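Computed over heavy atoms, backbone and side chain alike; hydrogens, waters and symmetry mates excluded. Everything quoted here is computed from the prediction, not taken from an experiment.
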Amino acid sequence: MSQPGQSSEVPAERVIGLDVGGAHIKLAHNNGFCRHVPFALWQRAGELHQKLGELIAGAPSADRVALTMTGELTDCFVTKHEGVQFIIDATCAASDVPVSVYLIGDEFAEPAFARQHSMRAAASNWFGLATWVARIPEMSGEAGLLVDIGSTTTDMIPFAEGKCLAAGHTDFDRLVSGELVYTGVVRSPLSGIVTSIEYRGRLCPVMNELFATTLDSNIVLGHLVEGACREWTADGQGATITDCATRMARMIGLDRDTFTIDDARHMAGQVWRAQQERIAAAGGQVVARCGVPRHMVISGQGEFLAIDAVRGIAPDARVHSLS
């Protein structure tokens, strides 16, 4: 049921969907137009209004902007409440049409209401995706698990009978429940995934520094093309296989004179397996609570990781890709 100041759906026929994250901004129009641009909110918060204005102006005309967000958690804001208000204000200032804010619970709200109920607007995009997936006719009301892997995080959200069945709604509760795993395919530091690496028959602890990320390991393995996501490299240098191997070598105190591309591939494989195991373990936590799903739905930039990870969660489930 809608609360005061809310409507159960956005009434406009032409809608721009806008998601403001901490590292990316995503825009989609319901005529099929879409944009996905990197934007380091924690470094460029003062530019958000201008960037959103550019993106909205470059999109087809719309009657309304529908807003979701995850950027409120970035460390340029002292509290999530502050971040939600900032993002709503920036969006309203950038748009010349009304803005509706998506809230956890599958409702849209006017900006004033969303500002007052900021914790329902915070990190709301995952709830919208899970609710949409749960209503796909092919699921036939059966139980399923959505595994959405992005550049930084993995969402694992159970659903059944057209509804999102998430146990947690806040970031903290979702982390505790296993429904949010902070591992992704571009921005995750390798030192946060593995604590040691086998190198030429010897086990070496990794350096707890931001020397290399999963962008490097996935380019080395061929999951991402060379040059992809160049703006997120840990040292600000290139994104060729050689560049990636150079960064990975630093993880165990080596350099390109003592660490080859084959060594990088061996290290990347260990990172890959560690991510799979971590995702599968969290998925097992969700399945233990909700039951084994009949459907596994994979989505996001990291679908290539999700395909392998879901085999460790529900081997007999039907796998569906949103790509």
Side-chain angles (χ1 to χ4, degrees), residues 16-29 34-59 62 64-104 108-129 148 150-153 155 169-172 174-175 180 182-189 192 210 213-215 229-236 300-301:
I16 287 175
L18 186 66
D19 181 53
V20 179
H24 297 90
I25 300 173
K26 302 170 188 175
L27 179 149
H29 193 285
C34 61
R35 292 287 306 278
H36 181 173
V37 297
F39 187 85
L41 180 59
W42 68 95
Q43 296 174 336
R44 303 172 60 189
E47 303 172 34
L48 181 61
H49 163 218
Q50 178 182 351
K51 189 63 177 181
L52 293 178
E54 293 173 359
L55 290 170
I56 293 172
R64 184 171 297 270
V65 170
L67 173 67
T68 64
M69 67 188 79
T70 55
E72 75 286 338
L73 190 62
T74 55
D75 55 15
C76 58
F77 306 120
V78 176
T79 66
K80 288 189 281 188
H81 177 73
E82 176 190 340
V84 168
Q85 298 224 12
F86 183 91
I87 291 169
I88 291 175
D89 290 346
T91 305
C92 291
S95 175
D96 58 3
V97 298
V99 174
S100 293
V101 184
Y102 186 74
L103 305 181
I104 290 175
F108 284 93
E110 298 301 318
F113 187 91
R115 290 186 187 99
Q116 294 174 359
H117 299 80
S118 57
M119 291 305 96
R120 291 186 60 198
S124 57
N125 59 359
W126 63 270
F127 195 98
L129 176 61
D148 179 66
S151 64
T152 315
T153 62
D155 291 305
H169 287 172
T170 68
D171 289 326
F172 174 83
R174 298 183 64 228
L175 286 165
L180 174 61
Y182 252 78
T183 194
V185 296
V186 174
R187 298 183 61 246
S188 298
L210 183 56
T213 66
T214 46
L215 171 63
C229 306
R230 161 71 180 75
E231 62 278 358
W232 297 123
T233 59
D235 58 2
Q301 188 177 12

Visitor: Can you give me the closest heavy-atom contact between Ala114 and Ala109, atom names plus distance?
Guide: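 Taking Ala114 first and Ala109 second, the nearest heavy atoms are N-CB, 4.2 Å.
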Visitor: According to the interplanar angle, ranging from 0 to 90°, do the rings of Phe86 and Phe77 count as parallel (below 30°), tilted (30 to 60°) or perpendicular (above 60°)?
Guide: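 It falls in the tilted class, 30° to 60°.
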Visitor: What are the two closest non-hydrogen atoms of Arg44 and Pro38, and how far apart are they?
Guide: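 Smallest interatomic distance, heavy atoms only, reads NH1-O, 4.4 Å.
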Visitor: Starting at CG of Asp19, measure out to CE of Met69 and round the result to the nearest 0.5 Å.
Guide: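 Here the interatomic distance stands at 9.0 Å.
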Visitor: Rounded to the nearest 0.5 Å, how far does CG of Leu103 lie from NE2 of His117?
Guide: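 It comes to 8.5 Å.
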Visitor: Could you measure the distance from the CH2 atom of Trp126 to the OG1 atom of Thr153? Nearest 0.5 Å is fine.
Guide: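 Atom-to-atom, Trp126:CH2 and Thr153:OG1 are 12.0 Å apart.
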Visitor: Return the CD to CD distance between Gln85 and Gln116, rounded to the nearest 0.5 Å.
Guide: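 Output value for this atom pair is 9.0 Å.
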Visitor: Against Thr152, only a single residue in His24, Arg187, Gln301 fulfils side chain to side chain donor-acceptor pair (under 3.5 Å); can you say which?
Guide: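 Going through the options one by one, the only one that passes is Arg187.
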Visitor: Just one of Thr213, Thr183, Leu215 clears the side chain to side chain contact (heavy atoms under 4.5 Å, CB included) bar with Ser188, so which one?
Guide: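 Result for side chain to side chain contact (heavy atoms under 4.5 Å, CB included) with Ser188: Thr183.
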Visitor: Between Ile16 and Ala59, what is the shortest heavy-atom contact and its length?
Guide: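 Result for this residue pair: CD1-CB, 3.9 Å.
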Visitor: What pair of heavy atoms forms the shortest contact from Asp171 to Ala123, and how long is it?
Guide: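 Scanning both residues completely, I find the closest heavy atoms to be OD1-CB, 3.8 Å.
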Visitor: Which distance, rounded to the nearest 0.5 Å, do you find between the CZ of Arg115 and the CD of Glu110?
Guide: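 Result: 10.5 Å between the selected atoms.
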Visitor: List the atom of Ile87, the atom of Glu72, and the distance in Å for their closest heavy-atom pair.
Guide: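 Looks like CD1-N, 3.6 Å.
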Visitor: Where do Arg230 and Gly236 come nearest, in terms of heavy atoms and distance?
Guide: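 Taking every non-hydrogen atom into account, NH2-O, 2.9 Å.
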Visitor: Less than 4.5 Å apart, side chain to side chain, heavy atoms only: is that true for Leu48 and Phe39?
Guide: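 Yes, close enough: below the 4.5 Å cut-off.
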